[in-house]
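These notes concern the structure reproduced below.
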Amino acid sequence: MAEAQNIPAGATAGGAVAVAAESTVATRMSAPPSFDVADFPVPHGREEEWRFTPLERLKGLHDGTAKADGAVKAQVDAPEGVTVESVTRDDERVGKAGTPVDRIAAQAYSSFEKATVITVPKESVLTEPVRVLLHGEGGTTFGHTVFDIGAFAEAVIVVDHTGDGVRAANVDFLIGDGAKVTFVSVQDWDDTAVHCSQHNAKLGRDATFKSVVVTFGGDLVRLHPRVEYTGPGGDAELLGLYFTDAGQHQEHRLLVDHNVPNCKSNVVYKGALQGEQAHAVWIGDVLIEAAAEGTDTYEMNRNLVLTDGARVDSVPNLEIETGEIVGAGHASATGRFDDEQLFYLMARGIPQIEARRLVVRGFFAELVQQIGVKDIEERLIAKIEEELEASV
Amino acid sequence: MATLEIRDLHVTVEVENGTKEILKGVDLTVKQGETHAIMGPNGSGKSTLAYSIAGHPKYTITQGTVTLDGEDVLAMEVDERARAGMFLAMQYPVEVPGVSVSNFLRTSATAIRGEAPKLRTWVKEVKSAMEQLQMDPAFAERNVNEGFSGGEKKRHEILQMELLKPKIAILDETDSGLDVDALRTVSDGVNRVRETGEVGTLLITHYTRILRYIKPDFVHVFAGGKIVESGGPELADTLEAEGYEKYTKGGAAV
């Protein structure tokens with residue numbers, strides 16, 4: 001991929017890059033998936049899935065000391081025909097899309113009181129997005145949301161996180177045959193918030209799922225977007241964009257499990273980092289199981305380090321159990337916006353702030369255009385500008 | 001008429017074992033419309049002169065002055081120098097991933113001219129400048145210097161010079177790494193700007209080859225961090241015949 005050549009891997013002088021070629025996707029978790037938090041040992045920080053995460057900043061989400069003492073103001077704007085229900089954990093749709101893979105996801109599952117199920121009936125094509133606004137009002141909260149998308153339905157779903165608080169909440173997608181779903185999750189938290197979430201998408205035959213994860217805010221954000229297929233013809237596109245500032249820890253851990261034949265996946269995550277102790281982690285796991293002949297997959301992570309003192313850990317993993325596939329590839333590259341680039345642009349009369357803006361805009365532009373939700377695209381561009389203004 | 005005056009310029013860089021003085025008292029005056037060639041052996045400090053004038057952070061000015069029409073260039077930020085009319089065509093222009101040539105050129109022209117060029121005339125302007133430099137139009141959509149060949153990088157530098165119309169242009173070894181055809185194309189570009197009479201050109205080179213295409217009014221020999229001899233174009237012929245040896249021996253070397 002020509003694009004992946006833009007920035008040579010390991011070009012960061014002030015940051016750091018880790019690229020692991022080996023893959024042990026299935027084996028390197030310290031416990032098998034489970035709905036019960038008790039099945040997971042309390043992490044000590046050296047486990048493969050925890051080694052990048054500053055546990056002391058998780059506000060007790062990982063060791064059972066976090067208690068549900070907070071509040072989140074939730075607002076759901078659902079177009080006509082879409083139903084919103086509050087259900088208990090024994091509802092059969094809850095937990096059906098995936099099982100928690102780490103202790104915090106299991107803690108969230110074990111701790112929520114009521115789950116929200118939002119249903120788009122089969123064959124209904126929404127002309128307006130489903131919008132869920134979650135505004136943290138401090139304290140710890142747990143939650144669980146299920147989006148149940150009927151066969152051949154089409155929907156755009158936007159979940160927006162703002163405010164402050166400590167939140168562990170999982171999001172499930174049950175995507176019917178031939179349905180088309182775009183899901184945008186915006187983490188625009190205050191810089192004190194902690195947010196952990198596992199996104200489970202289970203795609204029906206010929207279903208299309210586009211996930212767009214946008215992370216700007218939070219003290220610590222740790223997300224697990226995960227995809228699996230239940231029939232052939234599934235197509236998943238996982239896009240991500242993050243802007244990690246001084247002191248922030250933003251971690252995205254993806255898994256695409258190609259468990260049935262003839263499915264596609266494409267993962268593109270891009271991040272910009274600036275400031276002391278800005279830390280971005282990207283783990284991209286793709287599993288092509290023996291049965292998944294005809295799989296076509298590609299994953300890419302690119303990072304742009306704007307200042308000294310920032311750190312990137314980028315680990316793509318590709319595990320292939322069959323050779324009968326259309327394509328499989330991955331790329332990880334981290335580049336630095338360095339003094340020489342700045343000098344070059346400034347030597348052409350471009351002021352420093354404008355030079356940074358030019359580079360960052362260019363870096364994100366292509367990805368932003370792929371989102372396909374106009375107001376989100378505009379908001380992202382504005383947000384990127386705002387982050388840049390704050391940096392100089 | 002714009003005049004660049006360099007007086008007693010001393011410049012140091014940080015090296016592994018301390019500070020090293022590279023420029024040791026450079027005096028030079030370049031007026032709009034004039035072309036000066038600065039020639040000298042490797043390591044004599046020619047490029048340091050170019051980058052110091054442009055304001056590269058690696059270099060520390062310890063003594064002396066640089067003024068453009070009496071304005072203190074050394075007190076200006078890098079971008080302010082460019083907007084004041086200074087231009088440096090770099091020997092090794094850096095890659096800027098994610099920024100297309102067309103976006104870069106327009107942003108730069110907007111900064112230098114103080115307003116965004118009118119889109120219609122701008123497109124024409126860029127297109128004709130690129131044609132004259134024999135650059136493929138597809139070039140505009142590529143990222144700045146990314147994957148450019150040596151020749152493409154130099155054409156791109158001269159393209160900027162043509163579009164930005166500086167008062168004083170410093171060309172740092174623009175000839176290096178170019179084959180004869182590319183050298184001619186690039187030289188034609190420089191000459192087009194020179195013919196306007198509105199640019200003072202400081203041509204830094206190791207070889208006399210480029211002087212066949214770009215005729216200097218003055219030739220200066222640079223050795224040991226300063227200008228050791230100045231003359232007319234005939235001095236280049238002497239250098240061509242005799243090399244730099246007489247300047248690098250007898251204590252003039254760095």
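Just so it is clear: chains get the letters A, B, ... in the order the sequence lines come, proteins before strands, and each one is counted from 1. What you see below is based on every heavy atom in this structure, not just the backbone, and it leaves out hydrogens, waters and symmetry mates. Model, not experiment: these values are computed from the prediction.
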Got a second to check how far Arg106(B)'s CZ is from Leu358(A)'s CG, nearest 0.5 Å? 12.5 Å

Could you walk me through whether Phe104(B) and Leu345(A) pass the side chain to side chain contact (heavy atoms under 4.5 Å, CB included) check? CA-CA 8 Å; Phe104(B) 166 64; Leu345(A) 296 172; 3.4 Å; yes

From the options Glu77(B), Arg83(B), Glu80(B), select the one residue that forms a side chain to side chain contact (heavy atoms under 4.5 Å, CB included) with Pro351(A). Arg83(B)

Minimum heavy-atom separation for Gly349(A) to Ala82(B), with atom names? N-CB, 3.2 Å

Verify the neighbour count for atom NZ of Lys31(B): are there more than 12 heavy atoms of other residues, nucleotides or ligands below 6.0 Å? no

Ring centres under 6.0 Å, that's the criterion: do Tyr92(B) and Tyr344(A) meet it? no

Looking at Ala109(B), Ala84(B), Ala111(B), which one has more heavy-atom pairs under 4.5 Å with chain A than the rest? Ala111(B)

Look at the side chain of Gln341(A) and the backbone N and O of Glu95(B), then say whether any donor-acceptor pair between them is shorter than 3.5 Å. yes

Heavy-atom nearest pair, Met90(B) first then Phe343(A), reads CE-CE2, 3.5 Å

Between CG on residue Asp79(B) and CD1 on residue Ile353(A), distance to nearest 0.5 Å: 12.0 Å

Taking atom CD of Glu385(A) as the centre, report whether more than 12 heavy atoms of other residues, nucleotides or ligands fall under 6.0 Å from it. yes

Between Val144(B), Thr107(B), Ile112(B), Val96(B), the one whose heavy-atom pairs under 4.5 Å with chain A are most numerous: Thr107(B)

Neighbour count >12 (heavy atoms, 6.0 Å) for atom NZ, Lys264(A): no

Would you compute the distance between atom CG of Leu88(B) and atom CZ of Arg348(A) and round it to the nearest 0.5 angstrom? 6.0 Å

Is it the case that over 12 heavy atoms from other parts of the model lie below 6.0 angstrom from the CD atom of Gln277(A)? no

Carboxylate-amine/guanidinium proximity below 4.0 Å for Glu340(A) and Lys58(B): no

For the interface with chain A, which of Gln160(B), Met86(B), Arg81(B) has the highest count of heavy-atom pairs at distances below 4.5 Å? Gln160(B)

